[in-house]
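Notes for the one structure printed next.
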Amino acid sequence: MNLRDDARALSGDLIQLRRTLHRIPETGLDLPRTQETVLGALDGLPLEVRTGDGLSSVTAVLRGGRPGPTVLLRGDMDALPVAERTGLDFAADNGRMHACGHDLHTTMLTGAAKLLSAHRDRLAGNVLFMFQPGEEGYDGARYMLAEGLLDATGQRPAAAYAIHVLSAGLPSGVFRTRGGTAMAASNTLRVTVQGEGGHGSMPHRAKDPVQAGCAMVTALQAWITRTFDVFDPVILTVGTFHAGTKQNVIPDTAVFEATVRSFSDAAQARVKDGTVEVCRGIAAAYGVAVDAEFQEVYPVTVNDHTEADFAAGAVREALGEERYVPQAQPLQGSEDFSRVLAEVPGAMLFLGAPPRGADPERSPNNHSPLAEFDDAVLADGATLYAELAARRLASA
């Protein structure tokens with residue numbers, strides 16, 4: 001199979017599909033226009049296609065010409081509630097944006113389905129294509145797993161792979177991955193401090209929730225630096241703090257929320273209980289009540305070491321040595337593909353896609369309203385998806 005040449009021949013179609021998807025971004029679990037576009041792009045291929053019951057997912061099975069294991073390939077499809085400001089002629093204008101590159105992921109996975117369908121007789125096994133909505137905080141992978149994703153071919157996958165593009169931090173066309181922890185766990189800490197309001201000139205006659213809440217914020221940061229090893233870190237960032245209506249009125253309540261990231265199961269367990277206890281301790285000291293809720297959003301993304309090495313070798317052999325660089329550290333972002341990797345050995349890879357000629361260290365990052373992605377990576381992304389499946393099936 002000369003998958004790379006085949007992908008180059010599809011390049012124009014891939015760019016057109018990506019730009020079509022970019023113009024119609026949808027958020028959450030219900031992506032009707034995106035799903036319709038994907039189904040149209042897959043139409044005519046020798047695939048067993050199923051759509052989700054409770055979400056706009058698309059599951060497609062390609063059965064090879066000979067029996068063998070199953071390999072899962074995943075692409076997420078949802079966008080973000082971000083108003084695009086790129087100025088591109090195919091920019092979205094509906095207040096949403098593919099600011100994290102999921103339109104590229106969907107396109108590359110569709111390209112891989114076309115590439116592998118053309119060579120299905122040479123495949124010894126099955127390929128399971130996972131087109132997933134709701135990655136951006138909606139836990140779409142969990143819903144797809146609950147609807148029987150892993151049993152779609154009649155056998156659980158032997159391996160699973162995903163590719164995520166980056167608009168900054170990595171040169172265009174360069175891949176990276178690592179064995180072990182690849183991305184952080186994501187959690188939300190929500191805290192409501194209940195005090196007793198009063199006049200700002202007489203704080204001794206009130207129980208000030210603002211002062212107590214501020215003490216919690218600073219105490220949480222100090223507790224983290226004195227509790228966790230710097231080589232197994234935890235990140236806590238308070239992103240919202242709301243209280244009061246006027247400068248001389250002590251309010252009854254103060255509310256703040258923080259994102260909390262960890263990189264190991266041990267750190268995750270400790271920070272889950274510890275942050276709540278810190279808030280309760282500060283509340284007791286200030287004589288106020290507190291409701292502290294720690295919500296686990298996505299677990300740590302852990303790549304299988306063998307599968308990560310296999311994926312790195314596939315990049316080098318299929319695309320060239322210069323197209324791969326090792327990933328030294330985990331990313332602080334999080335992913336619900338972690339749920340798939342908790343069930344199936346596999347790997348998530350990252351693909352640099354800043355605009356050609358741009359400095360990767362200065363380009364707007366993923367999630368920015370100015371984030372742009374290089375269409376030139378689409379063919380090689382599709383190639384790698386297809387190579388990972390074909391090589392993994394051949395090695396079984």
Side-chain angles (χ1 to χ4, degrees), residues 80-81 100 134-142 180-197 203 206-244 250-302 329-339 341-342 348 365-367:
L80 287 157
C100 204
E135 187 279 327
E136 296 289 356
Y138 292 86
D139 214 352
R142 179 170 65 87
T181 300
M183 299 183 76
S186 175
N187 313 279
T188 299
L189 177 67
R190 294 186 177 90
V191 180
T192 300
V193 184
Q194 183 67 50
E196 294 178 6
K207 293 182 179 180
D208 190 348
V210 176
Q211 188 69 29
C214 290
M216 291 174 194
V217 171
T218 56
L220 285 165
Q221 298 293 347
W223 175 75
I224 283 173
T225 64
R226 294 300 179 265
T227 302
F228 294 94
D229 191 323
V230 294
F231 298 107
D232 187 14
V234 167
I235 301 166
L236 186 148
T237 297
V238 175
T240 68
F241 193 115
H242 299 288
I250 295 172
D252 286 328
T253 61
V255 178
F256 68 89
E257 293 186 347
T259 186
V260 184
R261 307 296 167 117
S262 64
F263 298 87
S264 71
D265 290 341
Q268 175 73 4
R270 193 169 189 184
V271 76
K272 178 181 179 180
D273 295 333
T275 51
V276 172
E277 289 304 313
V278 167
C279 292
R280 289 173 178 169
I282 297 296
Y286 278 81
V288 298
V290 66
D291 178 14
E293 176 192 4
F294 190 96
Q295 178 189 2
E296 295 179 280
V297 181
Y298 293 154
V300 177
T301 301
V302 181
Q329 302 295 338
L331 295 185
Q332 295 95 325
S334 62
E335 253 286 349
D336 65 349
F337 188 62
S338 57
R339 300 201 186 279
L341 293 178
M348 168 162 273
N365 210 343
N366 287 40
H367 289 213

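Reckoned from all heavy atoms, side chains included, excluding hydrogens, waters and symmetry mates. Bear in mind the structure is a predicted one, so any value in this text is a computation, not a measurement.
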- Message: Is there a side chain to side chain contact (heavy atoms under 4.5 Å, CB included) between R339 and D139? Walk through the geometry before answering.
- Response: CA-CA 9 Å; R339 300 201 186 279; D139 214 352; 2.7 Å; yes
- Message: Under the rule for ring pair (Phe, Tyr, Trp, His ring centres under 6.0 Å), what residues qualify as partners of Y138, not counting sequence neighbours?
- Response: none
Going by atom type alone, with no hydrogens or angles, which donor-acceptor pairs under 3.5 Å involve a side-chain atom of residues 250-259 and a protein atom two or more places apart or on another chain?
{"unit_1": "D252", "atom_1": "OD1", "unit_2": "G197", "atom_2": "N", "d": "2.7"}
{"unit_1": "E257", "atom_1": "OE2", "unit_2": "R190", "atom_2": "NE", "d": "3.2"}
{"unit_1": "T259", "atom_1": "OG1", "unit_2": "R261", "atom_2": "NE", "d": "3.1"}
{"unit_1": "T259", "atom_1": "OG1", "unit_2": "R261", "atom_2": "NH2", "d": "3.4"}

- Query: Are T227 and R270 close enough, and set up right, to give a side chain to side chain contact (heavy atoms under 4.5 Å, CB included), and what steps lead you there?
  - Reply: CA-CA 9 Å; T227 302; R270 193 169 189 184; 3.5 Å; yes
- Item | Listed once per pair and sorted, the ring pair (Phe, Tyr, Trp, His ring centres under 6.0 Å) pairs that draw on residues 274-293, sequence neighbours left out | none
- At what distance, to the nearest 0.5 angstrom, does OG of S186 lie from CD of Q295? 9.0 Å
- salt bridge (Lys or Arg N to Asp or Glu O under 4.0 Å) against R280, all qualifying residues, sequence neighbours excluded: E277
- Message: Checking T225 now: which residues fulfil side-chain hydrogen bond (donor to acceptor under 3.5 Å, both in side chains) with it, not counting sequence neighbours?
- Response: none
- Message: Applying salt bridge (Lys or Arg N to Asp or Glu O under 4.0 Å), can you list everything that pairs with E135, at least two apart in sequence or on another chain?
- Response: none
- Item | side-chain hydrogen bond (donor to acceptor under 3.5 Å, both in side chains) involving K207 - partner list, sequence neighbours excluded | none
- Task: Work out which heavy atom in D336 is nearest to a heavy atom in G134; give both atom names and the distance.
- Result: OD2-O, 3.9 Å
- Query: Which salt bridge (Lys or Arg N to Asp or Glu O under 4.0 Å) pairs, counting each pair once, include a residue from residues 287-298, with sequence neighbours left out?
  - Reply: K272-E296
- Could you pull out all residues at least two apart from S264 that satisfy side-chain hydrogen bond (donor to acceptor under 3.5 Å, both in side chains)? D232
- Please list, chain by chain and in numerical order, all residues satisfying side-chain contact (heavy atoms from CB on, under 4.5 Å) with V260, sequence neighbours excluded. N187, L189, V234, L236, V271, F294
- Query: Out of curiosity, I224 CD1 to T275 OG1, how far, rounded to the nearest 0.5 Å?
  - Reply: 7.5 Å
- Closest non-hydrogen atoms of A184 and F263, given as atom of the first, atom of the second and distance, are CB-CE2, 3.5 Å
- Query: Taking all non-hydrogen atoms of both residues, which atom of I282 and which atom of A212 are closest, and how far apart?
  - Reply: CG2-O, 3.7 Å
- Provide the closest heavy-atom pair for L341 versus M348 in the form atom of the first, atom of the second, distance. CD1-N, 4.4 Å
- Note on the structure: Quick note, ring pair (Phe, Tyr, Trp, His ring centres under 6.0 Å) partners involving residues 209-228, not counting sequence neighbours, are W223-F228
- Of all heavy-atom pairs linking C279 and V191, the shortest is SG-CG2, 3.9 Å
- Message: Going by the rule side-chain hydrogen bond (donor to acceptor under 3.5 Å, both in side chains), which residues pair with D208 if we only count those two or more places apart in sequence or in a different chain?
- Response: none
- Task: Could you tell me the separation between the CZ atom of R226 and the CD atom of Q221, rounded to the nearest 0.5 Å?
- Result: 12.0 Å
- Message: To check you understand the geometry: which heavy-atom pair defines the closest contact between M183 and S334, and what is its length?
- Response: CE-N, 3.6 Å
